[in-house]
Amino acid sequence: MDKHELQAAIEHLHDRWHPCQEGEIATYIPELSKANPDEFAISLATTSGRLFEAGNCDRAFTIQSISKPFTFGMALEAFGQQRVSGHVGVEPSGDAFNAIELQNGTNRPHNPMINSGAITVTALLHEKYGDETFEMILDRFSTAAGRRLSMDQDVYESEHRTGHRNRAIAHLLLNFGMVHSEAEKALDVYFRQCSILVTSRDLAVMGATLANMGNNPLTGNSAFDLATVKSMMAIMFTCGMYDYSGEWAYRVGVPAKSGVSGGVLAVVNRQLGIATYSARLDARGNSHRGIEVCAELANSFGLHSFDCLNMGSSFLDTLL
Ligand code: DON
């Protein structure tokens with residue numbers, strides 16, 4: 001039987017980008033510097049439950065900032081849009097993910113994809129759920145991934161020990177009343193959520209869950225409400241790749257989120273979750289190979305939201 005067109009495409013992309021050595025592994029969280037920069041994985045999961053994979057798709061790595069849209073979704077469901085928007089905005093900042101700054105006038109973080117916004121979101125959850133918060137996050141992420149996930153203790157401890165910049169951000173937020181008084185405890189939950197272990201396959205399924213209106217296409221279980229998914233994807237579209245978000249929208253044109261351990265998650269609404277893993281990052285903290293693979297995939301298959309081939313999200317139906 002002929003190889004499926006998508007399978008052939010990602011194998012080709014994997015071979016093409018494997019030799020690329022551009023970018024650097026993140027070292028500011030010391031434990032992350034142990035990653036193998038040659039490892040490289042591409043996984044696609046469709047809303048009909050099919051998987052296509054190439055490379056090191058079983059390599060577990062920490063989810064890092066790709067956790068942020070998912071905790072944002074949890075906060076929207078727990079508190080509603082109005083309460084959440086009192087604490088965090090929805091504007092791209094145009095600045096680095098770890099910038100120590102708040103929005104002029106409101107003193108809110110610009111958006112929930114940068115560290116200050118994500119720490120605020122986790123603090124909201126912690127204010128409501130206390131010591132249960134991390135387990136609730138792990139449960140929800142596991143539902144989206146379709147299997148029980150766990151946390152990397154070493155990466156967590158490494159960030160907990162060295163995360164002084166995030167500690168400064170948490171205290172700045174506390175100063176402006178954006179987080180409750182247990183800022184340190186909320187930060188601890190944030191460090192833990194960033195240390196949840198996933199493979200590129202898990203991320204692709206989590207993406208397919210978003211693409212599939214919040215329902216995991218492999219298990220049929222609901223992870224997020226329809227209205228929440230819309231908000232999660234909107235913020236991923238405008239802010240998910242930090243100060244590369246505009247260029248990403250231009251080149252790739254789908255909601256996405258990157259993490260500093262090397263993951264990239266992209267979502268083609270109603271069609272696909274796309275995930276890549278490659279630890280070498282560009283200057284903005286996004287995986288270099290990840291960006292290039294997503295751009296080429298989008299180009300070859302007309303995945304860009306405004307590509308004339310992507311008619312009402314139906315183009316890929318013919319392939320799936
Ligand atoms: O808070 C941090 O700095 C990390 N735990 C997560 C940052 C991150 O993944 C940025 N992404 N590219």
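Atoms within each ligand, like the ligands themselves, are counted from 1 in listed order.
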Report task. Inspect the contact between E184 and R167 and indicate whether a charged nitrogen and a carboxylate oxygen are less than 4.0 angstrom apart. Result -> yes

Query - Distance from atom 12 (N) of ligand 1 to nearest protein heavy atom, with residue and atom - result: G285 O, 2.9 Å

Query raised in the report: So, the side chain of N111 versus the backbone of M113: is there a donor-acceptor pair under 3.5 Å, distance only?
Result: yes

Query - hydrophobic_cluster_shared for L6 and V293, side chain cutoff 4.5 Å - result: yes

Query raised in the report: Side chain, backbone, both or neither: which part of Y242 has a heavy atom under 4.0 Å from ligand 1?
Result: side chain

Report task. Salt-bridge test for R165 and E159: reply yes if a basic N is under 4.0 Å from a carboxylate O, no otherwise. Result -> no

Requested in this report: Examine the proximity of ligand 1 to L281 and report which part, side chain or backbone, both or neither, has a heavy atom under 4.0 Å away.
Outcome: neither

Report task. Would you kindly check if the NZ (Lys) or CZ (Arg) of R59 is within the cone defined by 45 degrees around the ring axis of Y277 and under 6.0 Å from the six-membered ring centre? Result -> no

Requested in this report: Please write down residue, atom name and distance for the protein heavy atom closest to atom 7 (C) of ligand 1.
Outcome: S65 OG, 2.9 Å

Report task. Mind checking whether N115 contacts ligand 1 via backbone (N, CA, C, O), side chain (CB onward), both or neither, at a 4.0 Å heavy-atom cut-off? Result -> side chain

Query raised in the report: At a 4.0 Å threshold, what atoms of ligand 1 neighbour a non-hydrogen atom of G259?
Result: 9 (O), 11 (N), 12 (N)

Query raised in the report: Judging by distance only, is a nitrogen or oxygen of F97 under 3.5 angstrom from one on ligand 1?
Result: no

Query raised in the report: With the 4.5 Å side-chain cut-off for hydrophobic clustering, are L124 and L173 part of the same group?
Result: yes

Report task. Name the closest protein heavy atom to atom 3 (O) of ligand 1, giving the residue it belongs to and the distance to 0.1 Å. Result -> Y28 OH, 2.6 Å

**Report entry** Shortest protein contact, atom 1 (O) of ligand 1 (heavy atom only)
**Finding:** Y190 OH, 2.6 Å

Query - Per-atom contacts, ligand 1 versus E159 - under 4.0 Å to a heavy atom - result: 1 (O), 2 (C), 3 (O), 4 (C), 5 (N)

Query raised in the report: Has ligand 1 got any nitrogen or oxygen that is less than 3.5 angstrom from a nitrogen or oxygen of Q64?
Result: yes

Query raised in the report: So does E132 have more than 12 non-hydrogen atoms from other groups sitting under 6.0 Å from CD?
Result: no

Report summary line: Numbered in order shown, the ligand 1 atoms found under 4.0 Å of a heavy atom of C194 are 5 (N)

Query raised in the report: Distance under 6.0 Å and angle within 45° of the ring axis: does R161 meet both against F191?
Result: no

